[in-house]
Amino acid sequence: MYAPFEEPAPRQVQPGEYPVLDEALALINRDVAATLPEREPLRLMALPHWEEGEPEDVYVTLPNGEWWGNPLWQGYPDSRREEPLAALAAVAEAAQDTVTECLWQAWPVCTVHDLGMHLGEADGRPVWRCVGAGREPEHVRAAVGELDAVQRRR
Ligand SMILES: [Zn+2]
């Protein structure tokens, strides 16, 4: 006998439900606006956790609801979930996975070296790093949320 299989529908997270994530996503969306001006802002979507009674899973998605990768906070102890910088790093990583895999493009890109950047940490806060090219060493391009300062399109 087949049990009916019900796929739970993702729901859009409303402003204020996860204030720490809202703030982190607002910063990430500044980077999106600075580097992908033709794109709409990313969003937060939630799905019930597969295990009943567990907190729902939250994802960073494209405006159409698509995402790639793990939910936010996977592997994070509860005590870290309210930390703004930890939230910013988690949202940045999730946003990078979603944009890179769903749109099939490296993101964000260092416009000096034309290379996809990776998430790092400097002075305790998340930054976008570029591996450099040739004799030019690895460098921090900008703090997460501040790409508009270095690579606004002309
Ligand atoms: Zn670079």
Side-chain angles (χ1 to χ4, degrees), residues 10-47 49-50 55-154:
R11 66 174 189 88
Q12 189 172 355
V13 171
Q14 299 303 309
E17 284 186 76
Y18 297 97
V20 176
L21 294 182
D22 286 342
E23 276 188 35
L25 189 67
L27 277 175
I28 302 300
N29 275 329
R30 288 180 52 177
D31 285 348
V32 172
T35 54
L36 303 171
E38 69 281 12
R39 295 277 165 193
E40 297 287 309
L42 302 175
R43 294 190 194 175
L44 297 173
M45 302 284 283
L47 269 176
H49 191 73
W50 60 272
E56 63 187 354
D57 291 327
V58 179
Y59 297 88
V60 176
T61 78
L62 298 180
N64 67 7
E66 271 185 81
W67 79 81
W68 182 270
N70 295 323
L72 292 169
W73 305 140
Q74 195 166 50
Y76 277 62
D78 286 352
S79 60
R80 292 212 68 194
R81 296 184 176 206
E82 294 299 317
E83 287 175 27
L85 291 179
L88 187 55
V91 171
E93 190 173 16
Q96 184 172 40
D97 281 351
T98 290
V99 171
T100 304
E101 299 295 336
C102 296
L103 300 179
W104 288 56
Q105 61 182 87
W107 184 82
V109 169
C110 169
T111 49
V112 176
H113 299 112
D114 199 23
L115 290 171
M117 294 189 281
H118 54 274
L119 190 63
E121 199 184 294
D123 300 326
R125 60 163 303 161
V127 294
W128 296 118
R129 300 187 73 94
C130 164
V131 295
R135 290 187 189 169
E136 294 178 38
E138 186 187 37
H139 64 109
V140 171
R141 184 71 171 138
V144 168
E146 294 178 6
L147 281 176
D148 62 337
V150 290
Q151 52 199 71
R152 191 180 290 283
R153 288 198 183 171
R154 270 144 284 187

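In this chain, residues are counted from 1 in sequence order. Indexing begins at 1, ligand by ligand and atom by atom, following the structure's order.
Put simply, CH2 on Trp73 and CZ on Arg81 are 7.5 Å apart, with the number rounded to the nearest 0.5 Å. Taking CH2 of Trp67 as the start and CG of Leu47 as the end, the distance is 4.5 Å to the nearest 0.5 Å. Interatomic distance, CG of Leu27 versus CG of Leu88, reported as 5.5 Å (0.5 Å rounding).
Protein N/O/S atoms found under 2.8 Å from the Zn ion (ligand 1), listed by chain and residue number: Cys110 SG, His113 ND1, Cys130 SG, His139 NE2.
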Review point. Yes or no on side chain to side chain contact (heavy atoms under 4.5 Å, CB included) for Leu147 and Met117, after CA distance, side-chain angles and deciding distance?
Key: CA-CA 12 Å; Leu147 281 176; Met117 294 189 281; 4.0 Å; yes

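In this structure, Asp97 contributes its side chain and Trp68 its backbone to no donor-acceptor pair below 3.5 Å.
Atom CG of Asn64 has more than 12 neighbouring heavy atoms from other residues, nucleotides or ligands inside a 6.0 Å radius.
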